[in-house]
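What follows is a set of notes on a single structure, which appears directly below.
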Amino acid sequence: MNRAVRIASTVLVVCAGIAFGVVAMTGVVAAVVFPTTRDLDPTLPDYAAYSGPHWSLAAGILAERVFQVGFLVIGVALAGALISVVLLAIGRRGGGGFPAVRVGLTLLTLGIFFAHVGWLQPRMDDAAGAYRAAALVGDNDAAGEAKARFDSMHPTASRLIGATTFAAFALFVVSAWAASGGSSHSRPGERTGES
């Protein structure tokens, strides 16, 4: 394995590990923040005109910040993974196996992630913003409608986060296995396998 391929392989492992860890932790933080905030049952002075539960407003604001930071980090990590896997494919083209599994898992993880951040998350952000704006002025009906709209998208968001987590984990495991030489050993005269 030449040096460029080794570096690309290492960077892919690191980026896949970061993407997996951050997306998993983002989901865990959201799963902890909402019930904890609900149990605390805070009252937000800025939303005094809103008669609905304030805990969902507070938890939503916290979770939104976590998701913004998390999605940025995941996006950068997956961009690094994509660049690495492209370099691996180019580096292995001349001799050795094409990293089809790693390419496929990288594209799958990116596809699921972009479905969330590009398609679903903007709609959820709009609903959350409308919920907060209506609650701020005490428009309980509009706040309830916006919250219901947000809540209807939540199961899809949870599935997408779960799928991104599993895809990133699979990419991490396969990349680490390949980087460790688990699927092939590049000895002179020996045909290398794919990973």
Side-chain angles (χ1 to χ4, degrees), residues 11-47 50 52-85 105-137 139-140 142-173 175:
V11 171
L12 178 58
V13 173
V14 170
C15 289
I18 290 169
F20 163 65
V22 174
V23 74
M25 204 61 214
T26 299
V28 169
V29 168
V32 170
V33 163
F34 280 91
T36 302
T37 310
R38 182 195 60 221
D39 293 346
L40 291 170
D41 195 22
T43 300
L44 306 177
D46 288 348
Y47 294 90
Y50 178 55
H54 288 199
W55 70 263
S56 64
L57 289 164
I61 291 166
L62 289 171
E64 187 176 282
R65 300 298 184 272
V66 169
F67 278 103
Q68 286 171 346
V69 173
F71 286 161
L72 178 64
V73 174
I74 295 161
V76 170
L78 289 178
L82 180 62
I83 291 166
S84 299
V85 84
L105 284 171
T106 301
L107 294 176
L108 175 66
T109 307
L110 276 166
I112 298 167
F113 175 70
F114 282 127
H116 191 158
V117 299
W119 167 69
L120 185 64
Q121 197 60 44
R123 294 165 53 212
M124 293 183 80
D125 290 344
D126 287 345
Y131 171 44
R132 287 194 294 268
L136 190 62
V137 297
D139 188 344
N140 293 310
E145 273 180 31
K147 186 177 184 315
R149 200 160 31 105
F150 181 91
D151 290 346
S152 71
M153 293 182 266
H154 189 267
T156 303
S158 294
R159 285 192 291 273
L160 286 171
I161 287 172
T164 304
T165 302
F166 284 119
F169 179 68
L171 176 61
F172 173 68
V173 169
S175 299

- Message: I'd like to know whether CZ of Phe169 has more than 12 heavy-atom contacts from other residues, nucleotides or ligands below 6.0 angstrom.
- Response: no
- Message: Test of understanding: with salt bridge (Lys or Arg N to Asp or Glu O under 4.0 Å), list the residues that count as partners of Asp151, not counting sequence neighbours.
- Response: Lys147
- In chain order, what residues pass the ring-ring contact (aromatic ring centres under 6.0 Å, His included) check against Phe113, with sequence neighbours excluded? Phe71
- Query: Would you find more than 12 non-hydrogen atoms of other residues, nucleotides or ligands less than 6.0 Å from Tyr47 atom OH?
  - Reply: yes
- Of the non-hydrogen atoms in Ala19 and Leu78, which two are nearest, and what is the gap between them? CB-CD2, 3.8 Å
- Could you pull out the closest heavy-atom pair between Pro42 and Thr37, with the gap in Å? CD-O, 3.3 Å
- What is the distance from atom CG of Asp46 to atom NE2 of His54, rounded to the nearest 0.5 Å? 10.0 Å
- Mind checking the OG1-CG spacing from Thr109 to Leu82? Nearest 0.5 Å is all I need. 11.0 Å
- Heavy atoms of Ala127 and Ala146 approach each other most closely as O-CB, 3.6 Å
- Applying side-chain contact (heavy atoms from CB on, under 4.5 Å), run through Val66 and Leu62 and close with a yes or a no. CA-CA 6 Å; Val66 169; Leu62 289 171; 5.7 Å; no
- So OG1 of Thr26 and CZ of Phe67: to nearest 0.5 Å the spacing works out to 6.5 Å
- Item | Full working for side-chain contact (heavy atoms from CB on, under 4.5 Å) between Val117 and Ile74 | CA-CA 11 Å; Val117 299; Ile74 295 161; over 6 Å; no
- Task: If a pair satisfies salt bridge (Lys or Arg N to Asp or Glu O under 4.0 Å) and one of its residues is in residues 118-127, list it, with sequence neighbours excluded.
- Result: none
- Task: Supply the atom-to-atom distance Trp55 CH2 to Thr36 OG1, rounded to the nearest 0.5 angstrom.
- Result: 10.5 Å
- Task: Could you pull out the closest heavy-atom pair between Val13 and Phe172, with the gap in Å?
- Result: O-CD1, 3.5 Å
- Item | pair Trp119-Phe114: side-chain heavy atoms closer than 4.5 Å | no
- To the nearest 0.5 Å, what is the distance between CD1 (Ile161) and OG1 (Thr156)? 11.0 Å
- Over all heavy atoms of both residues, which pair between Gly52 and Asn140 is shortest? Give the atoms and the distance, please. N-OD1, 4.1 Å
- Mind checking the CZ-OH spacing from Arg149 to Tyr131? Nearest 0.5 Å is all I need. 13.0 Å
- Would you indicate whether the side-chain heavy atoms of Leu44 and Leu57 approach each other to under 4.5 Å? yes
- Distance-minimising heavy-atom pair for Ala157 and Met124: CB-SD, 3.6 Å
